[in-house]
2 protein chains.
Amino acid sequence: MDQLGIKKLAAMLKVSKSTVSRAFFENSGIKEETKQRVLSLAAELSFTPSFYGSNLRRKNSNTIAVVVPEISNNFFSQAIKGIEEILSKHNYNVLIYVTDSDGLKEADFISTINSGKVDGIIMSASAEEYNHEYISNLKRSKIPVVFFDRVYDDIEAPKVITNDYDISFDATELLIKAGCTKIVFLVVNKAISIGNSRMCGYLDAMKKHQLIQDESCVIDCSNDFQKNYSIIGNCLDNLKPDGIFCSIERLAIATYHLCIDRNINIPNDLKVISFSSLEIAPLLNPALSTITQPALEMGLKAASLLIKCIREPGINNVVTNVLESKIIERESTRQRVIK
Amino acid sequence: MDQLGIKKLAAMLKVSKSTVSRAFFENSGIKEETKQRVLSLAAELSFTPSFYGSNLRRKNSNTIAVVVPEISNNFFSQAIKGIEEILSKHNYNVLIYVTDSDGLKEADFISTINSGKVDGIIMSASAEEYNHEYISNLKRSKIPVVFFDRVYDDIEAPKVITNDYDISFDATELLIKAGCTKIVFLVVNKAISIGNSRMCGYLDAMKKHQLIQDESCVIDCSNDFQKNYSIIGNCLDNLKPDGIFCSIERLAIATYHLCIDRNINIPNDLKVISFSSLEIAPLLNPALSTITQPALEMGLKAASLLIKCIREPGINNVVTNVLESKIIERESTRQRVIK
DNA sequence: TTGTAAGCGTTATCAC
DNA sequence: GTGATAACGCTTACAA
C-alpha cells in the first residue's frame, strides 16, 4: 500500500508531484487556486511533506543542536528557554544534548551531529582539558557554532559571555566593604573559562586590598552535594573564613545547608555571596546576595547570533558579546544585623 | 566537487557503496578486516553517514520529540533531565518543543511533527479545552505517544502520573490537623487533569471535616507573577484564610513574597503547603512544606515506556503508571512556633 | 503556470 | 563477502 505522500496527493488531485510540492512554498510560481486546492486536501488528510525527504534534497535541516553540561539548573533552563523562544519563532527545531559536564560525551555528540544533522550548534562548553578538534571539524562542514557562558578560548566562534572578571572583582570588594577579611573562593573548575575569570577577579580584588598573597583561599569543589558539604565543612574548620564567595549556585546551597546544621549565623558569623540564577534568592533564610547573570538574554542573544551566522554565511560574525551580570545585595552580606 | 559521503569513501577504498554502508552496522555480514579499513578511514575523515539520507531510506529517525508547557521550571527541567538521560543512552536524539501552555502551539508542533520527523513523542499536555484530533492523527501514522504529569483523559495512551488526588487530600488534612479551619486552594487551571485532581482531593478533605460546602475557597490564579500577587492579596483580604494550599510551586512563591511585604508570619498567621520540586525548599524563610513529585523518575519512566512502545509496536502498552508524590513537612505548616 | 525527470545520500534486495 | 541497482520522498532545473 502506498504511503501518504506528495505522490499520492498528486494522484488524488490529478496534478504532478512538483505542483503539490510547490504548494508548500512561498514564491514558487503556482496559481493561487491550485495552491489552495492542494493545501486544503493536505489539511484534510493532515499531511506535511516528509521532513527527511525534504531535508535530504534541500541539504538543510531547519534544526539546531543545543549542547549543554546540565539542564536541570536554573541558569541553563532559563538560557534554553531563551534559545527555544527565538529558534521556534524562526521555525527551527531544537535538538538537546546534555553532557553531564563530560567532555567525552560532548565530543561524541558533536561528532555524530557532524553529518548534516543540524544547521548550527549552540553550546556551553563542558571540558577545557580535551582536544577540541571535533569542533574545528564543524567548520570544515560549514556548520556554525555559537558559544554561551562557558567557552573554549582556543576555538574561534561567536561567543556570548558575561563580565565575569569585573563582577567577581566587585563582589569581592563588596564582601570586603562589609567587613570581611578572610574570604574564601569556592570554585568547581578553575580550568574552565568562567571558573578562571571569576577566580582572577576574586584574587585581584583580594590582592588589591592586601588580604592574600597566594591561592590558598581558593577551594576546589565538585558537582556532588555530599562532597561539597564536606569540602566546605573542612574549609570552615581550617580556614575559619568570615566571607564566602561561591562561583556557582550549587555551592551556595551546600553552604547554606552547612550553616543551618552547624548553627552558623549568616551574615553575622559568615557572609555569603554567590553567582546564581535563583529567582527566589530573596526568599531564602537569610536572603542570598547574588551575582545574577542575564540567563534568558544570553539564550536569546546566542540564538539570534546563530541565525545570523546561518543566514549570512559569508560575513565574519566572530564577535564576543559581553552581557552584564548584576550584583543584588541582600541579607547574606549585610554588615550588621540586629537580631 | 563531490561531498564527503559513502560514495566518495567507496571510491577511495576501491569498494562499493554497499560495503561502506555495511561497515556501519552490527550484523551486516561484512569481513572484519574490510570493516576496519572502512571505519578507520571514516574516523580519519570524521565521517558519519548522512542522518537524513539514512532516515529517508530506513523510515525511522532515531529521534523523539518532547513537548512541554514550559521548560524553565524545576519540575519540567528535572523531568526532561530524566527523559534525556534514558533516550540518549539508547542513542535517540531529543527534540524539544515548548508550548508556553498554549494549546494552539501544541497543536501546531504536533501537526508538523507528524511527517515522519520522529519515532515517538513524550508530552505533558498544555490545553484540555481544545479538540485533540491532532493527537489521534499520530495513531494513524503509528507514532507512539506517552504522556506524563498533565494528560488528556480523552486520549488513549500510556501515561505517567502521580497520586494527585490522594496526596492533595492528605496535604489538606495536614493543614487541618495543624489547626487551620479556613483553607484556601490556589489553582492555575482547574480544567487540566492535574489541577482538577488536586482540587478534588482538597475539596473532599475539606468536606469530610465539614469545613466547606462549596468551591468558594478555590481561587483561580494565572501564570503571571504580578497577577497572582494581586489575586492572592485580594484573597487574603476577603477570605482571611489561615491556611493556603498551592497547587503549583509558582503560587507558593507569590504567597511568600506577599507575606514578606505584608509582614504576615508563616506559619503563625498563615500556614502554607505547596506542590513543588524546589530542591531548596528547606532553605526558605520559613522552610516550605512541600508535596514533591518524583520529577526525575517520571521522566525516566516516561522515556522507558516510550522506548518499549517503539520496540514492541504490537503490544498494548496503554497503561497508566501512578508514581507516588511525597509530603515533606517543614516550618511553613508547623502548629505553634515559639519565636 | 504546470509537468518531466534527475538526483539528494542512504540502505535493501538480489545476484554473484 | 561483495557489488550492482532500485528505491526512499522530496525539490528543482528545464522543457512545454
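The sequence lines fix the lettering, A, B, ..., with proteins before strands; numbering per chain opens at 1.
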Enquirer: Starting from C1' on C:dT11, measure out to CG on B:Asn62 and report it in whole angstrom.
Expert: 14 Å
Enquirer: Of B:Thr19 and A:Arg57, whose closest DNA chain D nucleotide lies nearer the 5' terminus?
Expert: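 Whichever sits nearer the 5' end wins; that is B:Thr19.
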Enquirer: How would you label the contact of A:Ile30 with the nucleic acid (heavy atoms, under 4.0 Å): base, sugar-phosphate, or nothing?
Expert: sugar-phosphate
Enquirer: Is A:Ser18 near enough to D:dT11 that one of its side-chain N or O atoms lies under 4.0 angstrom from OP1 or OP2?
Expert: no
Enquirer: Is there a donor-acceptor contact under 3.5 Å from the side chain of B:Ser61 to the main chain of B:Lys117?
Expert: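 Checking the backbone N and O of B:Lys117 against the side chain of B:Ser61, a donor-acceptor pair under 3.5 Å is found.
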Enquirer: Nearest whole Å is fine: how far is C:dC8 P from B:Leu4 CG?
Expert: 15 Å
Enquirer: Side-chain donor-acceptor pair under 3.5 Å between B:Ser72 and A:Gln78, yes or no?
Expert: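 The criterion, which ignores hydrogens and geometry beyond distance, is not satisfied for A:Gln78 and B:Ser72.
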Enquirer: Pick the nucleotide of DNA chain D nearest each of A:Arg58 and B:Gly53; which residue has the one closer to the 5' end?
Expert: B:Gly53
Enquirer: Under 3.5 Å, is there a donor-acceptor pair between the B:Tyr130 and B:Glu106 side chains?
Expert: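 B:Glu106 and B:Tyr130 do not have a side-chain donor-acceptor pair below 3.5 Å.
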Enquirer: Round to a whole Å and report the spacing from OH of A:Tyr52 to P of C:dT11.
Expert: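 Distance check: A:Tyr52 OH to C:dT11 P gives 14 Å.
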Enquirer: Between atom CZ in B:Arg22 and atom C1' in D:dT2, what is the gap in whole Å?
Expert: 6 Å
Enquirer: May I have the distance from B:Glu26 (atom CD) to C:dT11 (atom P), rounded to whole angstrom?
Expert: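 Answer to the nearest Å: 14 Å.
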Enquirer: Check whether any side-chain heavy atom of A:Asp149 lies under 4.5 Å from a side-chain heavy atom of A:Ile161, and answer yes or no.
Expert: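 Of all side-chain heavy-atom pairs linking A:Ile161 with A:Asp149, none is under 4.5 Å.
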Enquirer: Nearest-Å distance, NZ (B:Lys7) to P (C:dT11)?
Expert: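 Rounded to whole Å, this separation is 15 Å.
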Enquirer: Find the distance B:Leu56:CG to C:dT11:P and express it as a whole number of Å.
Expert: 11 Å
Enquirer: Regarding B:Gly29, tell me which of base, sugar-phosphate or nothing describes its non-hydrogen contacts under 4.0 Å with the strands shown.
Expert: base
Enquirer: Nearest-Å distance, NZ (B:Lys117) to C1' (D:dC10)?
Expert: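 Rounded to whole Å, this separation is 15 Å.
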Enquirer: Relative to the 5' end of DNA chain C, which residue comes earlier, A:Lys17 or A:Lys35, by the nucleotide with the nearest heavy atom?
Expert: A:Lys35
Enquirer: If the cut-off is 4.0 Å, is B:Ser50 near the phosphate of C:dG9, judged by side-chain N/O to OP1 or OP2?
Expert: no
Enquirer: Please classify the nucleic acid contact of A:Phe24 as base, sugar-phosphate, or nothing, using heavy-atom distances under 4.0 Å.
Expert: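 Touches nothing.
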Enquirer: Measure the shortest side-chain to side-chain distance between B:Met12 and B:Lys7 over non-hydrogen atoms and say whether it is less than 4.5 angstrom.
Expert: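 They are not in side-chain contact.
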Enquirer: Ignoring backbone atoms, test whether A:Ser21 places a side-chain nitrogen or oxygen under 4.0 Å from the OP1 or OP2 oxygen of D:dT12.
Expert: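 Answer is no, no contact under 4.0 Å.
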Enquirer: Ignoring backbone atoms, establish whether A:Ser16 has a side-chain N or O less than 4.0 Å from OP1 or OP2 of C:dT2.
Expert: no
Enquirer: For A:Phe51, which contact category applies under a 4.0 Å heavy-atom criterion: base, sugar-phosphate, or nothing?
Expert: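 If one applies the 4.0 Å heavy-atom cut-off, A:Phe51 turns out to touch nothing in the nucleic acid.
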Enquirer: Does D:dG9 have OP1 or OP2 under 4.0 Å away from a side-chain N or O of B:Lys59?
Expert: yes
Enquirer: Applying a 4.0 Å non-hydrogen cut-off, can you work out what B:Phe25 is touching in the nucleic acid: base, sugar-phosphate, or nothing?
Expert: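 Here B:Phe25 touches the backbone only, sparing every base.
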Enquirer: Say whether, by atom type as modelled, one donor and one acceptor occur between the side chain of A:Asn93 and the main chain of A:Asn62 under 3.5 angstrom.
Expert: yes
